[in-house]
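Working notes for the structure below.
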Amino acid sequence: MSLIKEYPISIFNSLTKEKEVFEPLIKDKVGMYVCGPTVYSDVHLGNVRTFMSFDIVFRYLKYLGYAVRYVRNITDVGHLVGDADEGEDKIAKKARLEELEPMEVVQKYTNGFHAVMRMFNIQEPSIEPTATGHIIEQIEFIKTIIGNGYAYETDGSVYFDVRKYHQDHEYGKLSGRNIDDMLSNTRTLSGQDQKRDPLDFALWKRADAGHLMQWPSPWGNGFPGWHLECSVMSTKYLGTTFDIHAGGMDLKFPHHEAEIAQNQGCCSKGGARYWMHANMLTVEGRKMAKSEGNGFTPEQLLTGNHKLLERGYSAMTVRFFMLMSHYASTLDFSNESLQAAEKGYKRLMVALKLSEKLPEPGTGKMDKEQSKDFKAPIDKAFTDLSNDFNTAKAIASLFDMASKINIIYQDPKKAASIDPKDFDWSIMHFQGIIKDVLGLHDETQEEGGMQVLDGVMKMVMELRKQAKFSKDYALSDQIRDDLKAKGVQIKDEKDGGMSYTID
RNA sequence: GGCGCUGUGGCCGAGUGGCUAGGCAGAGGUCUGCAAAACCUUUUACAGCGGUUCGAAUCCGCUCAGCGCCUCCA
């Protein structure tokens, strides 16, 4: 039986606000779209959390055996700076500040984004389309929406007609908003006079001659509206109806609501069938955001060079920390919890390493109960992951498995009664879930000089063994203590052997 | 003002009508020349007040505290 059938996935669907069994449109294939970054500044840890959350979804779907097309866009045009900067988008604004070509800004922060994704072991999507690369498609999309009567042109700009749309469809379903409540609460923005209704949003904005990023269109020179690209590119690469659309909670309104309206308005299909929203990373209970000034860059995280950080933390520690909570809950960042996560992460890594050198199972009389008991945590981890990607629960199960591995490593006789089939299945998936699904790896084993160090350590341990053998404890302790001071922990083992770990 | 969310033991953080979450920290023990690690045992819970129920941390109501979206945001 395939893992897909054995562990059916259920997803909390933001659209219906219910947990639903996941059934892809096409058997064993999944189309998934995630709203990517706007590349006008460095990504911070809060952004990382969202992309990591959906990295788990991507990885887990693949692990179960789905063929996944994962599309995650790069927004390189279109987001307005604010009401004071009407008609000027973020990329262009930044370009002027830094005296750069807009596409230079885009390239710089796109590179930075990719570097951060690699650092946290977040996998590349199947397709990473850019908004500027799909201007033609966006113009065509707008034409169709106008043709369907859900948009109108005013003075070189095109707006989506929310009220007209709402007569035929339901605007506000995703975000739980009532169109009439919204009307009285809409803030007065400049440029609203071009709209027939304050609720309407731009599909195409006219650009002045001085605007740095602009393209010709049937409505004159301009640039696409800031919700449009996701509708266009998801439709292009995944179809008018596809499986999963995900993004940060803060995009639910207006961005995703507008997206649904555009999809319906153009194609008479709502796009994604399952909507997923990742919750925010908070600092002292407040959302981490550029505007709050409480975000830090991954470099600062590693070095600890930020007022919020007591010291540096490794990327894998942070990854593990984030996976210890559920993606739909807010997660509060603190030094204490990072430090706790660091220790737990190392504990799991030690068990992972031990899992590669376990004794031969099933050499004695097989015990069905014990075999079943041995694989239970992994079975549970799958169930947990299939239950709306609950990494927090799955990790708890992995710790149960780690205990079992430690016990068998210390007492190899315990493996004798376990069915090799169950044993191998459990160990294979213990490793697989940690490495391939959670994307965790042992950082201490990676650095280039590790092989040299390993050789040196073997020599030092041999010397210490000799000192111990001749009961020169002063020397053996000195070796251990001095190494400890340098961050290397020597461990004596039962059979007289030694091993070491690096802090 | 509208829509929504959260409040769990020393800390972080799952769960959600009856069954140990887990990690970190603390205590005791086993092992060890001594450590470390591991293993075993163990202490401290569900914001407050009402209600529904045989039974609620879990459902409902109210109160308090905090947060998010409503304007770009992951």
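Chain naming here is simple, since letters A, B, ... match the order of the sequence lines and numbering starts at 1 in each.
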Residues A:Tyr313, A:Phe321; criterion ring pair (Phe, Tyr, Trp, His ring centres under 6.0 Å); working and verdict:
CA-CA 11 Å; A:Tyr313 303 96; A:Phe321 163 69; 8.9 Å; no
Counting Watson-Crick and G-U wobble pairs only, both distances under 3.5 Å, name the nucleotide matched with B:rG68, or none.
B:rC3
For A:Glu257 and B:rG4, what is the distance between atoms CD and P respectively, to the nearest whole Å?
13 Å
Could I get the full list of side chain to side chain contact (heavy atoms under 4.5 Å, CB included) partners for A:Asn121, not counting sequence neighbours?
A:Arg59, A:Met316, A:Arg319, A:His441
Is it the case that A:Arg72 places NZ or CZ above or below the six-membered ring of A:Phe54, under 6.0 angstrom from the centre and within 45 degrees of the axis?
no
Just one of A:Lys393, A:His326, A:Lys19 clears the side-chain hydrogen bond (donor to acceptor under 3.5 Å, both in side chains) bar with A:Asn387, so which one?
A:Lys19
Mark yes or no: A:Lys290 above the aromatic ring of A:Tyr40, with NZ or CZ under 6.0 Å from the six-membered ring centre and no more than 45 degrees from the axis.
yes
Complementary nucleotide for B:rC11 - Watson-Crick or wobble, under 3.5 Å:
B:rG23
Using a 4.0 Å heavy-atom cut-off across all strands, classify A:Gly285 as base, sugar-phosphate, or nothing.
sugar-phosphate
For the residue pair A:His211 and A:Phe223, categorise the inter-ring angle as parallel (less than 30°), tilted (30 to 60°) or perpendicular (more than 60°).
parallel
Using a 4.0 Å heavy-atom cut-off across all strands, classify A:His44 as base, sugar-phosphate, or nothing.
base
Integer-rounded Å distance: B:rA74 C1' and A:Tyr33 OH:
14 Å
When all nucleic acid strands are considered with a 4.0 Å heavy-atom cut-off, which category describes A:Ser175: base, sugar-phosphate, or nothing?
sugar-phosphate
For A:Phe399, report the nucleic acid contact type (base, sugar-phosphate, nothing); a contact means any heavy atom under 4.0 Å.
sugar-phosphate
For B:rC31, give its Watson-Crick or G-U wobble partner with both distances under 3.5 Å, or none.
none
Tell me, for nucleotides 34-47 of chain B in 5' to 3' order, what letter each nucleotide earns: B for a base near a protein heavy atom under 4.0 Å, S for only sugar-phosphate near one, - for neither?
BBBBBS--------
Taking a pair as Watson-Crick or G-U wobble with both distances under 3.5 Å, which nucleotide is matched to B:rA57?
none
Would you indicate what A:Asn390 reaches in the nucleic acid, counting non-hydrogen atoms under 4.0 angstrom: base, sugar-phosphate, or nothing?
sugar-phosphate
